[in-house]
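To keep things clear, I will list the structure first and then write my remarks on it.
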Amino acid sequence: MSTLPPDTDEGDEAGLLAEIDQLLDSPVHHANPLRAPLARLLALHRQQNERLLRLIHLSDGYHELGRLHSSSLAQRFERHLRRLEKLARISDRYQDQLRSLNAALLQSSLRDPLTELGNRRYLMERLHDEDSASTTAPAAYCLAILDVDHFKRINDGWGHDMGDTTLKHIADALRGAVRHSDFVGRWGGEEFLLIFPATELADAFQVTERVRQAIGAISIAHRLGPVTVSASIGLTRQIAGEHFATALDRADAALLRAKRDGRDRTVIG
């Protein structure tokens with residue numbers, strides 16, 4: 001290791017070493033007793049310098065390797081982070097699509113494809129809800145079963161396409177005649193069910209009459225002549241505590257009386 005003073009620079013050290021080499025090589029000093037120790041000291045100094053340089057180079061290499069490794073790790077981390085963010089966005093979109101699809105499937109399972117009214121399953125759910133609500137509601141609900149009069153004649157005389165068209169017109173008439181708080185759907189075939197939550201019988205009767213008149217006003221143009229239609233309705237009010245099935249039976253019995261009495265009317269049961 002060099003014992004030069006701290007303010008000695010590399011040029012001074014190289015000059016001094018060159019001067020010592022010249023002294024050692026000079027024949028004048030071959031017999032000098034200090035020559036051999038000085039030569040060993042010089043050799044030791046140079047060995048230590050070489051070791052120190054190797055250590056410095058090795059340390060620099062490790063530092064550079066560490067820096068590159070750290071940089072590589074950071075880059076890989078950033079790439080993985082971007083991938084995870086992309087996967088999270090894809091997952092969020094997938095979840096949104098899945099929720100939308102489930103909602104659409106649920107709506108589809110509750111809707112009649114021809115009339116776009118609620119189907120029988122939808123109506124059964126509403127009836128269960130009304131049964132539950134009627135235990136605490138101030139007024140019971142009313143319900144009505146509507147049947148299209150002589151619907152078979154339409155299918156037989158004008159064809160099933162006209163029958164479907166007639167049902168669509170009836171669905172439109174129902175939507176336009178009921179209140180926002182009422183539920184209406186296709187019960188099956190040419191039968192429709194109307195549910196009037198927390199409604200008195202007299203008020204429900206007014207709505208069913210409005211529905212019946214709207215259906216009676218339907219006139220569908222056809223090359224064989226206009227298609228007109230009417231409906232018979234059986235209406236009842238749920239009795240506190242009874243199951244909706246009992247009220248349905250009573251409304252169905254009232255519908256049969258409406259047909260026996262001449263059709264195109266509302267009968268209360």
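These numbers come from the heavy atoms of this one structure, side chains and all, not from hydrogens, waters or symmetry mates. Treat the numbers as computed from the prediction; the structure is a model and nothing was measured.
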Next item on the list: Check the pair F205, L201 against side-chain contact (heavy atoms from CB on, under 4.5 Å), reporting the backbone distance first and the verdict last.
Entry: CA-CA 6 Å; F205 180 79; L201 197 55; 5.8 Å; no

Margin query: Quick one about R121 and S109 (side-chain donor to acceptor, distance below 3.5 Å, no hydrogens or angles considered), yes or no?
Written below: yes

Next item on the list: Would you tell me whether S232 and D149 have side-chain atoms, one donor and one acceptor, within less than 3.5 Å of each other?
Entry: yes

4.5 Å side-chain heavy-atom contact, [X] and [Y]:
X: E190; Y: I170; result: no
X: F244; Y: H128; result: yes
X: R237; Y: E200; result: yes
X: I215; Y: L146; result: yes
X: L248; Y: L127; result: yes
X: W158; Y: R223; result: no
X: Y122; Y: D112; result: no
X: L194; Y: L235; result: no

Any idea which heavy atoms bring [X] and [Y] closest together, and the distance?
X: F183; Y: P197; answer: CE1-CG, 3.6 Å
X: L224; Y: G157; answer: CD1-O, 3.9 Å
X: G163; Y: N155; answer: CA-OD1, 3.4 Å
X: L117; Y: A171; answer: CD1-CB, 3.6 Å
X: A144; Y: L193; answer: O-CD1, 3.3 Å
X: E209; Y: R212; answer: OE1-NH2, 2.7 Å

Check: Are the side chain of R153 and the backbone of D156 linked by a donor-acceptor contact shorter than 3.5 Å?
Finding: no

Margin query: Strictly distance-based, threshold 3.5 Å: is any side-chain N or O of R111 a donor or acceptor partner for the main-chain N or O of E116?
Written below: yes

Rounded to the nearest 0.5 Å, what separation is found between the [atom1] atom of [X] and the [atom2] atom of [Y]?
X: R126; Y: L123; atom1: CZ; atom2: CG; result: 8.5 Å
X: L143; Y: I195; atom1: CG; atom2: CD1; result: 7.0 Å
X: D164; Y: L114; atom1: CG; atom2: CG; result: 5.0 Å
X: D264; Y: H150; atom1: CG; atom2: NE2; result: 9.5 Å
X: D147; Y: K259; atom1: CG; atom2: NZ; result: 3.5 Å
X: H160; Y: I154; atom1: NE2; atom2: CD1; result: 12.0 Å

Side-chain heavy atoms under 4.5 angstrom apart, residues restricted to Ile, Leu, Val, Met, Phe, Trp, Tyr: same cluster for [X] and [Y]?
X: V207; Y: V267; value: no
X: L110; Y: F192; value: no
X: V229; Y: W187; value: no
X: V184; Y: F151; value: yes

Item checked: With Y141, the side-chain hydrogen bond (donor to acceptor under 3.5 Å, both in side chains) member among D131, T199, D129 -> D131

Check: Could you walk me through whether L255 and E191 pass the side-chain contact (heavy atoms from CB on, under 4.5 Å) check?
Finding: CA-CA 11 Å; L255 173 62; E191 285 191 341; 3.9 Å; yes

Note to self: Run the side-chain contact (heavy atoms from CB on, under 4.5 Å) test on H222 and M162 for me, step by step, so that the C-alpha distance in whole Å, both residues' side-chain angles and the decisive distance to 0.1 Å come before the verdict.
What the structure shows: CA-CA 9 Å; H222 191 273; M162 178 54 71; 3.3 Å; yes

Check: Salt bridge check: are D261 and R257 linked by an N-O gap of less than 4.0 Å?
Finding: no

Notebook entry, point to check: More than 12 foreign heavy atoms under 6.0 Å from CZ of R179: is that the case here?
Noted result: yes

